[in-house]
Amino acid sequence: MKSILPVLTIIAAVLFLWTLAVVPMNMHLTADQAQRSGAIVTPDTPVARKETNGIVLALKNPHLIALTYVGKRPNLPSPHQVGLEMFDTIFGKKITSKRSLVYHGWITLAPTLLGFAIGTLLGVLLAVGIVFSRVMDKSVMPWAIVSQTIPILALAPMIIVVLGAAGIHGVLPKSVIAAYLSFFPVVVGMVKGLRSPDHMQLDLLRTYSTNNVQSFWKLRLPSSTPYLFASLKIGISASLIGTIVAELPTGAKAGFGARMLVGDQYGQPILSWAALFAAALTAAALVGIISLVERGALRKMGMKPA
Amino acid sequence: MMYVIAGFAIWGLGWLLNLYLANSKWSDYRAMNIAVPLIFGLTVLLVWECFVIGFDVNPVFLPRPSDIVLRMAIEMPRLWADFVQTIVKGALTGYILGGLAAFAIAVLADRSEFLTSGVLPVGSFMAALPIVGIAPIFVKWFGSDWESKAAVVAVMVFFPILVNVVAGMRDTTSMQRDLMRTYGAGYWPTLLKLRLPAAMPFIFNGLKVATTLSLIGAIVAEFFGSPTVGMGFRISTSFGQLALDMVWAEIVIAAIAGTAFYGIVTLIEKGVTFWHPSQR
Amino acid sequence: MKKMIIAAAIAAGLGGTSAIADGHANSVSLQLQWVTQAQFAGYYVALDKGFYEAEGLDVTILAGGPDIAPPQVLAGGGADAMLNWMPSALSAREKGLPVVNIAQPFKRSGLMLTCWKDTGITKVEDFRGKTIGVWFFGNEYPFLSWMSQVGIPTEGGADGVTVLKQGFNVDPLLNREADCISTMTYNEYGQVIDAGVNPDELVTFKYEEQGVATLEDGIYVLEENLNDPVFVDKMVRFVRASMEGWKYAEANAEEAAGIILDNDDTGAQNEAAQIRMMGEIAKLTAGSNGALDVADFDRTVATLLSGGSDPVISAVPEGAWTHKITDLALK
């Protein structure tokens with residue numbers, strides 16, 4: 001609770017700056033449009049205005065300032081425009097309608113969650129392999145790092161086409177790409193976590209003559225939980241971003257990414273912004289859910305977060 | 001068929017070789033740390049080549065590694081120009097800008113617990129903005145050239161670096177802070193001589209994570225508008241022209257650049273944080 | 001590790017390429033070039049009004065998008081047929097993917113450059129020293145050919161044009177980052193007008209009028225599938241029903257736009273824009289019954305071959321088109 005007030009303060013500050021920034025950002029377009037409708041604009045040719053910056057233009061044409069907030073194709077939609085659009089498409093439309101952000105949210109959420117599950121499973125398995133097998137540790141870990149430097153947007157179409165050729169459509173190809181982005185944080189976190197028990201604890205278990213498997217379940221896995229949760233939080237937002245990226249090569253038909261793209265393409269930037277914010281809010285909500293689970297799980301285990 | 005069998009054979013051999021090396025008496029040598037992943041990588045390439053030939057894969061799907069290497073050799077000047085445009089002008093500039101901004105805000109916010117607990121959630125919201133959404137917007141604002149790519153990168157690296165600087169600034173023990181107080185050190189000397197150096201391991205953690213993010217950000221942003229040079233541009237247009245070997249050539253450059261960038265930051269980290277347990 | 005998995009998946013996929021592409025003797029999948037819009041009205045109309053059903057076909061229309069290369073989907077057996085622009089298809093042929101044109105519903109090209117009049121551009125020569133936005137992904141070929149023919153270098157500088165890879169919208173023009181942008185008569189030009197620009201602030205150059213037009217949306221299939229009589233038969237029925245769909249769409253623009261909106265999964269399209277698009281598309285499809293006019297083909301090839309230093313294709317293509325399907329479909 002006590003962190004609500006600071007967050008609200010910062011959000012208020014950001015909204016204030018945003019509202020101010022709308023004027024210079026949209027001034028050129030507004031001036032162009034106003035001139036077509038017959039208003040007087042200084043300087044009076046678009047070419048001359050190109051050289052002037054937004055703030056100077058706003059100061060010279062104060063009568064146009066109000067118009068910058070209500071443009072249809074703004075460079076920077078004002079907060080109220082984005083807010084209204086979000087309200088309208090979240091609460092104002094039927095959930096099953098194609099124009100509802102909730103519908104698109106679900107289309108994006110399904111592969112995100114599936115991809116996250118696959119990525120986490122893969123990540124944990126790889127981490128266990130890396131910690132227990134010297135071969136994997138030395139050979140796979142560097143390549144796992146390299147795999148993250150390969151731009152996924154370049155690989156995604158190939159993955160989609162290959163899976164499509166094998167007859168796999170729908171949620172699974174997008175999940176594969178989401179898993180690709182989310183497995184790495186889990187690997188890194190779990191490796192660190194599985195190696196986190198200190199020597200005294202490991203030696204203690206050795207005096208109890210436990211074997212590797214038992215010490216894994218009783219010591220290594222539990223002590224890696226804080227690290228796991230930290231990575232899960234990064235992993236889930238990576239998974240969401242991966243799904244949105246994957247929406248491009250799968251026909252951009254539905255989902256947040258598709259809306260952002262089509263809105264941007266067909267001259268409806270406010271739609272695009274609303275989808276953008278909805279995606280970010282979804283990610284924040286997912287991370288929040290994991291935080292709650294983390295707090296519960298760690299409290300039950302008697303641990304504090306990493 | 002022969003090639004397919006050869007592929008499997010090489011796969012098995014490579015695995016066995018690595019198994020032997022990793023568990024042998026030479027496994028602790030520094031050279032092994034390079035040899036084993038290298039053998040793994042080489043095995044993958046050879047298996048790839050064999051499978052592509054053996055299964056008669058169409059080159060518009062997946063080219064052979066030999067074709068990719070050939071393409072890289074032929075197109076070196078173009079690859080270099082793309083590299084400079086995307087990595088040097090786009091990714092590096094954004095990395096530095098985003099890093100400085102995150103650093104400045106973290107230090108400022110550090111003066112007050114109130115600000116810190118407000119800035120972190122807002123920063124994490126910014127990190128959650130999908131790049132597919134912000135890239136077209138930044139191209140609209142900053143034009144198609146490298147400036148918009150640097151802006152995208154700056155936004156992407158801002159949060160990881162911010163979180164790590166904040167965590168690092170908090171990492172000093174009260175005994176260390178009390179010691180500084182007994183020396184009569186005010187806020188700024190304490191900051192410069194104790195808290196910032198102590199924060200370095202965390203800061204470098206953030207900087208390392210940010211290296212790969214900056215690369216991806218710069219390349220993806222080019223998909224949404226760019227001049228006719230740049231790695232993202234080359235990847236998307238070559239993909240459209242079905243010149244997959246060029247696409248993979250660029251991917252290889254991206255992987256090498258990303259790893260090198262990461263490696264350089266790690267080296268600097270070793271120098272700056274030589275005192276930390278993880279470096280000893 | 002990743003690469004091994006991909007290789008295995010490719011092997012699995014390619015093992016069944018022609019089998020999957022064939023599928024059932026009555027199922028057809030068509031890969032579009034872009035997202036659902038009136039540019040593809042003929043197919044959606046045929047689907048919605050039951051023309052495909054009347055021919056006994058079960059048709060799946062796969063929408064395209066920014067990161068989808070239809071030739072690649074075709075190569076992977078993900079679709080039976082694709083829509084593509086002829087330069088891109090001929091280039092794919094040269095790259096080793098034998099695609100064949102089986103029908104050409106679009107007779108005319110809708111590609112044009114839209115420029116601000118106040119940049120002083122009145123004729124092609126004025127492009128020198130200006131910044132021009134060009135899409136890529138297959139759409140750059142007509143532009144590069146054109147510039148090569150008129151001798152204007154595309155590397156920038158005072159004597160050439162600076163080429164910008166245009167994103168998927170008209171902002172570079174509105175923000176004055178580019179002096180000219182590539183537009184389709186049926187889409188982006190309308191968006192520029194929608195943004196409030198007056199047509200007499202603009203000067204346009206239609207590729208058709210400049211004599212450098214190339215054939216646009218055509219239906220292409222893989223050459224090897226044309227040897228299969230079952231495949232040929234279903235393609236004949238498909239083309240017949242599709243052309244019926246096109247003629248219906250040409251005559252009923254508003255209804256066609258409504259059908260497009262029904263099929264648009266993003267919910268982001270708007271009706272007025274689609275009606276306008278349909279109207280403009282009708283101008284491009286009018287005069288074509290689906291059969292490729294060989295004279296148009298030759299003209300396209302000639303434009304592409306005269307691309308000077310960087311021709312799109314290096315030789316006159318052999319066997320790039322066939323009348324086999326349309327002969328039977330239009331009997």
Side-chain angles (χ1 to χ4, degrees), chain B residues 4 7-8 11 14-15 40-41 43-52 54-63 65 132 135-145 148 220-230 232-245 247-248 251, chain C residues 1-4 6-15 17 66-77 87-88 91-99 131 133-141 144 154-156 161-169 171-172 174-178 222 312:
Chain B
V4 177
F8 279 114
W11 188 350
W15 186 260
F40 181 78
T43 313
V44 169
L45 283 178
L46 286 172
V47 172
W48 179 355
E49 179 95 16
C50 291
F51 278 177
V52 167
F55 286 112
D56 204 17
V57 178
N58 195 317
V60 307
F61 258 133
L62 195 64
V132 168
I137 294 176
F138 280 7
V139 168
K140 202 191 297 203
W141 290 352
F142 300 112
S144 310
D145 211 342
S148 50
V220 169
E222 285 185 359
F223 274 62
F224 297 94
S226 69
T228 50
V229 69
F233 166 75
R234 194 73 53 200
I235 290 178
S236 74
T237 46
S238 302
F239 182 71
Q241 293 168 349
L242 294 180
L244 275 268
D245 49 0
V247 173
W248 278 97
I251 291 180
Chain C
M1 185 77 101
K2 296 257 145 299
K3 294 168 186 169
M4 285 190 231
I6 292 178
I10 290 173
L14 285 164
T17 297
D67 221 6
I68 300 184
Q72 216 190 40
V73 177
L74 205 63
S88 159
S91 168
R93 252 192 104 79
E94 279 212 350
K95 284 251 165 28
L97 188 66
V99 294
T131 306
V134 177
W135 297 305
F136 280 75
F137 235 75
N139 305 56
E140 72 272 34
Y141 300 126
L144 294 175
T154 51
E155 301 305 312
V161 300
T162 310
V163 177
L164 261 185
K165 174 179 171 236
Q166 212 173 302
F168 310 115
N169 55 35
D171 288 319
L174 297 175
N175 286 327
R176 296 199 166 251
E177 194 192 349
L222 284 176
V312 178

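Labels below follow one simple rule: chain letters A, B, ... track the order of the sequence lines, proteins then strands, and each chain is numbered from 1. Any value given below was found using the heavy atoms of this structure, including those in side chains, with hydrogens, waters and symmetry copies removed.
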task = Identify which of B:P227, B:G7, B:S226, B:G225 forms the greatest number of heavy-atom pairs closer than 4.5 Å to chain C.
result = B:S226
Interface residue of largest heavy-atom contact number with chain B, from C:K95, C:E155, C:Q166, C:K165, under 4.5 Å = C:K165
inquiry  = Counting heavy-atom pairs closer than 4.5 Å to chain B, which one of C:W135, C:Y141, C:F136 comes out on top?
reply    = C:F136
query = Where do B:F223 and B:I235 come nearest, in terms of heavy atoms and distance?
reply =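 Smallest interatomic distance, heavy atoms only, reads CZ-CG2, 4.1 Å.
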ask   = Do any N or O atoms from the side chain of B:T43 and from the backbone of B:W11 form a donor-acceptor pair under 3.5 angstrom?
value = no
ask   = Hey, does the side chain of B:W48 reach the backbone of B:P63 with a donor-acceptor pair shorter than 3.5 angstrom?
value =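 Yes, because the side chain of B:W48 sits within donor-acceptor range (under 3.5 Å) of the backbone of B:P63.
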key: Donor on one side chain, acceptor on other, B:S144 and C:E177, under 3.5 Å   = yes
